[in-house]
There are 2 protein chains.
Amino acid sequence: MTAPHPPLPDDAELLRLDHQICFSLHAAARAFGGVYRDALKDLGLTYPQYLAMLVLWEEPDPQPVKAIGERLRLDSGTLSPLLKRLEAAGLVARERSAEDERSVVVRVTEAGEGLRERALPVPRSIAAASGLSLQDARTLRGLLERLTESLDAAQAGER
Amino acid sequence: MTAPHPPLPDDAELLRLDHQICFSLHAAARAFGGVYRDALKDLGLTYPQYLAMLVLWEEPDPQPVKAIGERLRLDSGTLSPLLKRLEAAGLVARERSAEDERSVVVRVTEAGEGLRERALPVPRSIAAASGLSLQDARTLRGLLERLTESLDAAQAGER
DNA sequence: CACGATTAAGTTGTGCACAACTAAGTTGTG
DNA sequence: CACAACTTAGTTGTGCACAACTTAATCGTG
């Protein structure tokens, strides 16, 4: 599709590369998971639970499950039990919305706000573990976002 | 740690970026999963099962579970049931090694070899879905590999 | 040779991801 | 207004990932 290169035909190299990329991607995602597991152990949160709390901490107002799912790219099949566990841990409260009774809004409890303080050092330890320069981090994020967009579009097209 | 940039102090930007990266990384990994799910549906394989078959197809000889786990960065807790499902599907056979009876070697059956042909077009459809240029694919793979290495090293250091 | 340490695979339990489905509420249109 | 289409959560079932543990075989050292 693009540039010349001697050792392999572009086509073959791209195939191999794509292979290695999805491979590396999974490996990297799991490696991140491991580092977060360590960093979050004391808080009693898993990584996806932490992500959900981040979304909730971001806004002062309670947020519907739908909105959380859109931010995290997760459906209710994943979020419902996750949020129930956060509720069981006392970090959030779930209530049917008054305006639209289909919707359930999730609110951070006082304990959940308290946890926020203790979670503050987490991003720094992750950043340190990642070992990326600011430059590389920007490049990587950009590529990942474009990649996800393409993949989602391709998948939507298949259906 | 590196270059100048006005809007945010480097430090704060790096924190935010790392956040977004692990976020994008998970999103991209899951998006890949979705595309593979479609591509592999007809073969009756999940994405991790496909990866295991790739490792087995790569070598003519049967491979011990250990070796597969090292290639895929997975432990027996994940691989044992996965390989059992592949065996139930008739794609592989598992036998205790004669030399070392602790070890179980996994062999591709005739049906498993047959599937190989049908799996040939998969990488191409994935490459198309990724929408990456050869250049970007190389950059991405490089960054992901460095990232995983750093994360693994950091985690090993924690323990 | 004996026996503790190590290694390989498997098992169990917890949690995430997602497809397929259900239940209940809301909206749009005739 | 009635009712079909849609939306939002939740449930169920399957599979992956991983920690902690068990079992059985092998290795190393005295």
Side-chain angles (χ1 to χ4, degrees), chain A residues 22 25-38 40-41 44-52 63-70 72-89 94-106 152 155 158-159, chain B residues 22 25-38 40-41 44-52 62-70 72-89 92 94-106 152 155 158-159:
Chain A
C22 64
L25 201 60
H26 267 256
R30 302 214 313 280
F32 250 126
V35 171
Y36 268 107
R37 209 185 323 281
D38 289 349
L40 296 171
K41 201 167 39 195
L45 290 177
T46 66
Y47 175 50
Q49 286 166 7
Y50 170 70
L51 291 181
Q63 295 186 58
V65 174
K66 182 78 194 306
I68 303 172
E70 273 163 8
L72 299 181
R73 208 181 166 284
L74 290 173
D75 67 1
S76 69
T78 301
L79 277 178
S80 288
L82 187 154
L83 291 170
K84 271 181 154 179
R85 281 187 281 271
L86 289 178
E87 187 173 42
R94 297 182 309 146
E95 294 149 17
R96 282 277 156 197
S97 161
E99 304 108 54
D100 186 341
E101 295 218 344
R102 289 170 302 184
S103 169
V104 166
V105 293
V106 183
D152 276 347
Q155 202 191 356
E158 294 255 329
R159 273 179 286 129
Chain B
C22 63
L25 200 60
H26 267 255
R30 301 212 316 278
F32 250 126
V35 170
Y36 268 107
R37 208 184 322 280
D38 289 348
L40 296 171
K41 200 167 40 197
L45 291 178
T46 65
Y47 175 50
Q49 286 166 7
Y50 171 70
L51 290 182
Q63 296 186 57
V65 174
K66 182 79 193 306
I68 304 171
E70 273 164 7
L72 300 181
R73 207 181 170 279
L74 290 173
D75 67 2
S76 70
T78 301
L79 277 178
S80 288
L82 187 153
L83 291 170
K84 272 182 153 179
R85 281 187 283 270
L86 289 179
E87 187 174 42
V92 306
R94 296 182 309 147
E95 294 149 17
R96 282 276 156 197
S97 161
E99 306 108 54
D100 185 342
E101 295 215 346
R102 290 170 303 183
S103 169
V104 167
V105 293
V106 184
D152 277 346
Q155 201 191 354
E158 293 256 328
R159 274 179 285 128

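Each chain gets a letter, A, B and so on, in the order its sequence line appears, and its residues count up from 1. Keep in mind that what you see is a predicted model, and the values were worked out from it rather than measured.
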Exercise: identify the closest heavy-atom pair between Ile68(B) and Gln63(B): CD1-O, 4.1 Å
Is the phosphate of dT11(D), meaning OP1 or OP2, less than 4.0 Å from a side-chain N or O of Lys84(A)? yes
Sorted by position of nearest nucleotide on DNA chain C, 5' first, the leading residue of Ser103(B) and Gly34(B) is Ser103(B)
What are the two closest non-hydrogen atoms of His26(A) and Ala29(B), and how far apart are they? NE2-O, 3.8 Å
Of Pro81(A) and Pro48(B), whose nearest nucleotide on DNA chain D comes first from the 5' end? Pro81(A)
Should the ring pair Tyr47(A) and Tyr36(A) be called parallel, tilted or perpendicular, given that the plane angle runs from 0 to 90° and is split at 30 and 60? parallel
How is Leu79(A) classified with respect to the nucleic acid when contacts are heavy atoms under 4.0 Å: base, sugar-phosphate, or nothing? nothing
Would you mind classifying the nucleic acid contact of Pro64(A) as base, sugar-phosphate or nothing, using non-hydrogen atoms under 4.0 angstrom? sugar-phosphate
Between the protein and nucleotides 25-28 of chain C, are there any N/O to N/O pairs under 3.5 Å, and if so, what are the atom names and distances?
| unit_1 | atom_1 | unit_2 | atom_2 | d |
| --- | --- | --- | --- | --- |
| dG25(C) | N2 | Arg102(A) | NH1 | 3.1 |
| dT26(C) | OP1 | Glu101(A) | N | 3.3 |

Answer with base, sugar-phosphate or nothing: what part of the nucleic acid does Leu74(A) contact at a heavy-atom distance below 4.0 Å? sugar-phosphate
Using the criterion of both pairing distances under 3.5 Å for Watson-Crick and G-U wobble pairs, give all stems of 3 or more consecutive pairs involving DNA chain C. C:1-30 with D:1-30
Closest-nucleotide mapping onto DNA chain D: is Arg30(A) or Val104(A) further toward the 5' terminus? I mean the 5' end. Val104(A)
Nearest to the side chain of Arg37(B) - dA17(C), dA9(D), dA19(C)? dA19(C)
Record whether the side chain of Thr46(B) comes under 3.5 Å of the base of dG15(D) through a donor-acceptor pair of N or O atoms. no
Please tell me if Ser76(A) has a side-chain N or O lying less than 4.0 Å from either OP1 or OP2 of dA9(D). no
